A.B. asks: 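I have a structure here, written as structure tokens, and I will follow up with some questions on it.
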Amino acid sequence: MSELLFVDKYDAVVVGAGHAGCEAALALARLSLKTVMFTVSVDSIAMMPCNPNVGGTSKGHLVREIDALGGEMGKNIDRTFIQSKMLNQSKGPAVHSLRAQADKKEYSDSMRRVLEKEKNLTVKQGEVTELITENGRLSGVKTYTGAVYRCRVCVLCTGTYLKARCITGNISTYTGPNGLQAANYLSDSLDKLGIKLRRFKTGTPARIDGNTIDYSKMEPQYGDEKIVPFSFTNKGEDLQREQVKCWLTYTNETTHEIIRENLERSPLYSGYIQGTGPRYCPSIEDKVVRFSDKNRHQVFIEPEGNYTSEMYVGGMSSSLPEDVQEKMYRSVPGLENAEIVRNAYAIEYDCIDSLELLPSLELKKVKGLYSAGQANGSSGYEEAAAQGLIAGINAARSCLGKEPVIVDRSQGYIGVLIDDLVTKGTNEPYRMMTSRAEYRLLLRQDNADERLTELGYQVGLISEERYQDFQKKMQMIETEINRVRNTYVGNTEEVQSLLKGYGSTLLVSGIALAELIRRPELSYEVLAPIDKERPELPEEIKEEVNINLKYEGYIKRQMKQVEQFHKLEKKKIPEDINYNEVGSLRLEAIQKLSEVQPKSVGQAARISGVSPSDISVLLVYLEQYSRTVEGKESI
């Protein structure tokens with residue numbers, strides 16, 4: 001160690017300043033740890049190299065959960081959105097998801113201002129090339145210049161930068177996104193530590209000059225009149241502003257024919273790209289090949305910001321050669337004369353096999369080393385930020401001598417995301433979806449604060465003032481639910497007239513308002529004219545009252561499922577267990593259990609390749625094991 005140039009000592013180092021890095025660094029600094037965050041460029045902080053939006057189906061849930069725990073993403077998009085929209089409003093509340101277009105430059109600048117104002121946090125431009133360990137524990141990092149920064153914990157948030165190369169046609173540039181410097185050395189350091197890496201691929205569509213688009217051939221897409229904030233600290237009326245329009249158009253058979261004629265020039269099909277791409281966010285080449293029965297695909301034209309004419313071409317990610325791109329994009333209605341500002345490209349990069357991680361997001365093989373975001377094989381800004389927040393919290397708690405925080409699958413989409421990664425692993429860039437959550441009626445975006453603010457307060461990222469406001473909100477909801485349950489209406493002319501107007505069964509005798517709310521055609525808001533004692537309440541309170549009453553039966557049913565889930569989660573598996581000694585376990589189960597090292601029987605049951613019969617065998621073994629341990633302790 002004597003030949004190393006020691007520069008400074010920190011409690012924590014964060015490698016990378018993307019969405020994961022920002023949340024991790026802020027969590028560490030706000031929990032009073034002296035933190036330094038390294039980035040290849042301070043101009044790339046919280047950069048949006050792909051889509052210029054935050055949220056969307058299931059991703060909006062993640063952002064609200066991040067906010068409920070005390071993270072920053074929700075506040076930052078509330079400051080910088082240029083269009084806001086609640087998706088899936090025609091469906092049930094479990095899948096309602098908030099999505100906002102960001103002014104991507106202002107989003108980055110705003111997050112940078114937050115970071116620079118945070119005491120305990122230093123932002124530094126530089127490339128971390130090596131991880132230094134002593135006796136299996138992280139002790140510092142080394143930069144490209146040879147400088148060593150000693151630390152107690154480190155969070156890797158390297159995004160898509162590890163040995164990255166951007167690909168258009170048969171041309172590669174060995175850079176990260178947007179032509180930024182790649183991180184070409186850290187992969188080797190991870191490999192030397194015995195950490196298994198994967199090679200993944202993602203991509204982005206072209207950016208087009210908005211002045212060259214014919215919007216008359218496209219369908220305008222408007223934001224919501226009433227703004228719903230991402231952050232529970234904000235009120236919708238305070239965020240009202242003029243919103244930009246987005247636009248919808250479609251590919252056609254001409255587009256698809258251009259792509260099919262040039263498939264041999266696509267690096268995806270020529271073998272030039274080696275990395276595995278995302279199944280649920282495919283390139284336009286993939287769509288045309290995999291969905292050959294479809295004669296068109298949606299294309300969303302989205303502004304990149306208020307002060308630029310660049311437009312994002314959502315739905316047409318590609319790595320085709322430049323000349324093909326020009327023909328392909330210009331075949332789309334409204335884009336006949338479009339000028340490409342930035343070509344579409346694919347990007348290949350190294351990432352960690354997520355089975356190398358504990359549920360705390362600490363690496364199994366290196367104490368004090370954590371990883372978050374696309375470095376773990378996920379995709380998307382929201383998934384990255386969620387992991388960054390949890391990794392930052394747990395790295396801080398490690399330094400403070402506290403147990404890690406684990407959000408379980410019944411508490412949040414964050415729990416589903418992390419559990420999927422560390423228990424099941426992923427062979428392709430992981431994307432969050434509502435269908436991945438077993439308890440999604442409980443994990444709604446509207447009640448994220450109810451589920452997680454208490455935890456954020458216990459961790460130390462929710463202020464006393466915010467916590468008291470949250471307590472008042474919960475009390476208001478409970479009081480109003482009780483009032484509605486105990487408020488009765490009779491078969492008066494006014495009541496019968498309202499029911500008739502909504503096609504609802506007329507009353508024979510008196511009934512509680514709560515019972516009427518449960519009728520599919522009625523709601524808390526609809527019944528306002530006949531609810532004479534109804535108090536003035538904020539919109540968010542009224543929404544919670546309506547949902548809790550209308551879906552009460554379903555919610556109770558899911559709560560019983562959660563109780564069963566918790567029973568298996570509480571059955572802990574000893575760290576020193578040798579699965580080869582568990583008689584009657586199948587060979588595949590032994591291999592998978594040994595690799596994942598589940599913390600509980602519940603986690604073991606979710607491992608791919610472990611059957612219900614394997615779990616039954618394991619339960620019998622654990623019962624015998626506990627008796628043996630108790631017997632030894634009593635001697």
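Please read all numbers here as calculations on a predicted model, not as lab measurements.
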A.B. asks: With salt bridge (Lys or Arg N to Asp or Glu O under 4.0 Å) as the rule and sequence neighbours excluded, what pairs involving residues 220-249 come up?
C.D. replies: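 Output for this query is empty, none listed.
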A.B. asks: Can you establish whether the number of heavy atoms outside Lys532 located under 6.0 Å from its atom NZ is more than 12?
C.D. replies: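 Counting neighbours around NZ of Lys532, more than 12 heavy atoms of other residues, nucleotides or ligands fall under 6.0 Å, so yes.
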A.B. asks: Going by ring-ring contact (aromatic ring centres under 6.0 Å, His included), name the pairs with one or both residues in residues 379-398, residues two or more places apart or in two chains.
C.D. replies: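 Residue pairs with at least one partner in residues 379-398: His19-Tyr381.
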A.B. asks: Would you mind checking if Arg485 and Glu480 are paired as a salt bridge, meaning a charged N to carboxylate O distance below 4.0 Å?
C.D. replies: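 No.
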A.B. asks: Would you call Arg431-Glu382 a salt bridge at under 4.0 Å N-O?
C.D. replies: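 Looking at Glu382 together with Arg431, the answer is no, because their closest N to O distance does not fall below 4.0 Å.
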A.B. asks: Are any non-hydrogen side-chain atoms of Val562 and Leu442 less than 4.5 angstrom apart?
C.D. replies: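 Yes. Closest side-chain heavy atoms under 4.5 Å.
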A.B. asks: Start with the C-alpha distance between Glu362 and Leu357, add both sets of side-chain angles, then the distance that settles side-chain contact (heavy atoms from CB on, under 4.5 Å), and finish with yes or no.
C.D. replies: CA-CA 6 Å; Glu362 185 177 27; Leu357 299 162; over 6 Å; no
A.B. asks: Would you mind checking if Lys542 and Glu539 are paired as a salt bridge, meaning a charged N to carboxylate O distance below 4.0 Å?
C.D. replies: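 Salt bridge flag = yes for Lys542 with Glu539.
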A.B. asks: Please evaluate residues Met48 and Tyr107 with respect to the criterion side-chain contact (heavy atoms from CB on, under 4.5 Å), reporting the C-alpha separation (whole Å), side-chain torsions for both, the decisive distance (0.1 Å), and the verdict.
C.D. replies: CA-CA 8 Å; Met48 293 178 153; Tyr107 185 94; 3.9 Å; yes
A.B. asks: Which of these passes side chain to side chain contact (heavy atoms under 4.5 Å, CB included) with Ile511: Val495, Leu516, Asn491?
C.D. replies: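 Only one option passes, and that is Leu516.
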A.B. asks: Can you establish whether the number of heavy atoms outside Lys424 located under 6.0 Å from its atom NZ is more than 12?
C.D. replies: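 Yes, because the 6.0 Å sphere around NZ of Lys424 holds more than 12 heavy atoms from other groups.
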A.B. asks: Identify whether the distance between the nearest side-chain nitrogen and carboxylate oxygen of Glu403 and Arg397 falls below 4.0 Å.
C.D. replies: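 Not counted as a salt bridge, because no side-chain N and carboxylate O are separated by less than 4.0 Å.
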A.B. asks: Any sub-3.5 Å donor-acceptor pair from Ser58's side-chain atoms to Met432's backbone N or O?
C.D. replies: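 Present.
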A.B. asks: Within the distance-only criterion (no hydrogens, no angle test), does the side chain of Thr204 pair as donor or acceptor with the backbone N or O of Cys50 below 3.5 angstrom?
C.D. replies: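 Not a single qualifying donor-acceptor pair exists.
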A.B. asks: Any ring-ring contact (aromatic ring centres under 6.0 Å, His included) pairs touching residues 57-92, not counting sequence neighbours?
C.D. replies: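 Only His61-Tyr413 qualify under ring-ring contact (aromatic ring centres under 6.0 Å, His included).
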A.B. asks: I would like to know whether Val596 and Val422 meet side-chain contact (heavy atoms from CB on, under 4.5 Å); could you show each step before the answer?
C.D. replies: CA-CA 7 Å; Val596 176; Val422 306; over 6 Å; no
A.B. asks: By ring-ring contact (aromatic ring centres under 6.0 Å, His included), which residues pair with Phe565, not counting sequence neighbours?
C.D. replies: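 Partners of Phe565 under the ring-ring contact (aromatic ring centres under 6.0 Å, His included) test: Tyr439.
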A.B. asks: With a 4.5 Å limit on heavy-atom distance, are the side chains of Ile481 and Asn548 in contact?
C.D. replies: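 Yes. Closest side-chain heavy atoms under 4.5 Å.
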A.B. asks: Could you list the residues that satisfy side-chain hydrogen bond (donor to acceptor under 3.5 Å, both in side chains) with Arg534, not counting sequence neighbours?
C.D. replies: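 Applying side-chain hydrogen bond (donor to acceptor under 3.5 Å, both in side chains) to Arg534 gives Glu525.
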A.B. asks: Would you say CD of Glu465 has more than 12 non-hydrogen atoms from neighbouring residues, nucleotides or ligands within 6.0 angstrom?
C.D. replies: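 No, because the 6.0 Å sphere around CD of Glu465 holds 12 heavy atoms or fewer from other groups.
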A.B. asks: State, to 0.1 Å, how close Gly490 and Leu507 come at their nearest heavy-atom pair, and which atoms those are.
C.D. replies: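 Looking at all heavy atoms of both residues, the closest pair is O-CD1, 3.7 Å.
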A.B. asks: Any donor-acceptor pair under 3.5 Å linking the side chain of Glu65 with the backbone of Ile414?
C.D. replies: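 At least one qualifying donor-acceptor pair exists.
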A.B. asks: Whether the side chain of Lys104 engages the backbone of Met47 through a donor-acceptor N/O pair (distance < 3.5 Å, no angle test) should be reported.
C.D. replies: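 Checking the backbone N and O of Met47 against the side chain of Lys104, no donor-acceptor pair under 3.5 Å is found.
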A.B. asks: Quick one: which residue pairs count as a salt bridge (Lys or Arg N to Asp or Glu O under 4.0 Å) with a foot in residues 84-103, not counting sequence neighbours?
C.D. replies: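 Sorted result for residues 84-103: Arg99-Glu302.
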A.B. asks: If every non-hydrogen atom of Ile406 is compared with every non-hydrogen atom of Ser360, which pair is closest and at what distance?
C.D. replies: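 Minimum heavy-atom separation between Ile406 and Ser360: CD1-N, 3.7 Å.
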A.B. asks: Between Arg64 and Asp449, does at least one N-O distance fall below 4.0 Å, as a salt bridge requires?
C.D. replies: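 Asp449 and Arg64: not salt-bridged.
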A.B. asks: If a pair satisfies ring-ring contact (aromatic ring centres under 6.0 Å, His included) and one of its residues is in residues 446-485, list it, with sequence neighbours excluded.
C.D. replies: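 Listed once each, the pairs are Tyr457-Tyr467.
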A.B. asks: Which heavy atom in Ala372 sits nearest to a heavy atom in Val155, and how many Å separate them?
C.D. replies: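 That closest heavy-atom pairing would be CB-CG1, 4.5 Å.
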A.B. asks: What residue pairs, at least two apart or across chains, pass ring-ring contact (aromatic ring centres under 6.0 Å, His included) with a residue in residues 518-551?
C.D. replies: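 For residues 518-551: none.
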A.B. asks: Of all residues at least two apart in sequence or in a different chain, which pass the salt bridge (Lys or Arg N to Asp or Glu O under 4.0 Å) check with Glu521?
C.D. replies: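 Here no residue qualifies.
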A.B. asks: Suppose the criterion is salt bridge (Lys or Arg N to Asp or Glu O under 4.0 Å): which pairs have a residue in residues 504-518, not counting sequence neighbours?
C.D. replies: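 Listed by first then second residue: Glu515-Arg518, Arg518-Glu552.
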A.B. asks: Checking Val459 against Val405 for the side-chain contact (heavy atoms from CB on, under 4.5 Å) test, could you report, in this order, the C-alpha distance in whole Å, the side-chain angles of both residues, the deciding distance, and whether it holds?
C.D. replies: CA-CA 8 Å; Val459 165; Val405 164; 3.7 Å; yes
A.B. asks: Restricting to pairs with a member in residues 406-415, which pass salt bridge (Lys or Arg N to Asp or Glu O under 4.0 Å), not counting sequence neighbours?
C.D. replies: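 Only Arg409-Asp419, Arg409-Asp420, Arg409-Glu438 qualify under salt bridge (Lys or Arg N to Asp or Glu O under 4.0 Å).
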A.B. asks: Does some side-chain heavy atom of Arg436 sit less than 4.5 Å from a side-chain heavy atom of Tyr430?
C.D. replies: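 A side-chain contact exists here, since the closest heavy-atom pair is under 4.5 Å.
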A.B. asks: Listed by chain and number, what are the side-chain hydrogen bond (donor to acceptor under 3.5 Å, both in side chains) partners of Asn53, not counting sequence neighbours?
C.D. replies: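 Asn53 satisfies side-chain hydrogen bond (donor to acceptor under 3.5 Å, both in side chains) with Asn51 once adjacent residues are dropped.
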